[in-house]
Amino acid sequence: MRTLIRNARIFDGSGTPPFDGAVLIEGDRIAQVLDNAAPLASAADRVIDAYGMTLMPGMVDAHTHLTWGSSVENIYPQFLLPPDELKKAAWRNARVLLDHGFTSLYSAGALGDRIEPELAAAIVRGETPGPRLVPSTLERSPEGEDSVDTGDVFNGRGPEAIRAFVDHCAGEGIRSIKLILSGEDALKPGTAQDILYTDEEMEAVGAAAKAAGIWIACHTYTTRAIRMALGAGARILYHCSFADEAGVEALVEAKDRVFYAPGPGVSVAALEANPPPHVDMSAMKASAADRMALEAKLVPALRARGVRILIGGDYGFPFNPHGRNARDLEHFVTHFGFTPAEALRAATQYGGELMDLAVGLVRPGYLADLLLVDGDPTEDVRILQDRERLKMIMKNGVLHKALAEAETV
Ligand SMILES: [Zn+2]
């Protein structure tokens, strides 16, 4: 099957200005990108006219919790769900994300052990619609006074316990483990400066994950946490809000091997939330205000130094449901000083690099994960929040959402 998309404005994911052109897709890949479609027209089985629309790579969310139940389609008042409902919610959330233009997800942890590898495999087999998924398991927080309650399965202490965790994950098909390395003020006020693992444990997890070919994602707030995560070879660091100058230097020094996702989505949504009287969000709101103030300085500093900064903001709470993930691009522009093109690059090219797949760019040889957007997101990234303006969603060369007026020849 060869599909030609012509008369498009093309934003290729790299951050360079959009240009007018055409893309030929063969099977699951982009075969050609040209500024003039004429030579390609006779080569296509299907022609899509994209006049007035922008063609761009599918988006990548770098900090996803599919088992956090709430989406724009279904709000759960409670956070923890019974197993059957948890699976239903995760399956639905994967489809909701794809419906909203996200073709790849990097999991930041789950509320159940085997649910994400099972879902990732079902998506690959075409049994349920969803983005490409790097699956994870329960977020790991070791036992102790400051520990964050993330499930009681894997939280023993010492290098042996953490090696056993990595072995278990390797056996279950998990591709990234999530370590709660810093405490969490939003859940336990005053703990964000705490370090929950020992150097010995971090050394053990780094070696074991490397040997098993599993990536590490870390919940980190302080410079000490950043250094420990980098020492263990972590692939992606979240938050980093309390990083000082030395923390910035450590991230800059590791910028070719590490990604950073601040996660403004949950903070902004917490500040906006108007919970019912029986729900106390005061700790969450205070923590969100602190973090946004710090990150407003930190994130631009890291961007200026070339650190790859990605979108993804802990969606899945009732006040921050899945499906609103593209709000992160607006937050990058409003709070972190990104241009729209830079925010789009954070959601596409850098996301593809995080996935370690040929996605996130409109280039020959790349997988055909593509969106057609009504309008120009390089002028205003907010249009990506309106799923009605996502006129076509393609993953792997297959249309998840077809243009109504698609013309077939
Ligand atoms: Zn998270």
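Counting starts at 1 for both ligands and their atoms, following the listed order.
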- Sidechain N-carboxylate O distance under 4.0 Å for R363, D12: yes
- Query: Does E272 pair with R327 as a salt bridge, N-O distance under 4.0 Å?
  - Reply: yes
- Between F317 and F319, what is the ring plane arrangement, given parallel below 30°, perpendicular above 60°, and tilted in between? parallel
- Task: Classify the ring geometry between Y221 and F242 as parallel (under 30°), tilted (30 to 60°) or perpendicular (over 60°).
- Result: perpendicular
- Query: Which atoms of the protein, restricted to N, O or S, are nearer than 2.8 Å to the Zn ion (ligand 1)?
  - Reply: H63 NE2, H65 NE2, D314 OD1
- Over 12 foreign heavy atoms within 6.0 Å of CD, E200: no
- Item | Charged tip of R303 within 45° of F338 ring normal and under 6.0 Å | yes
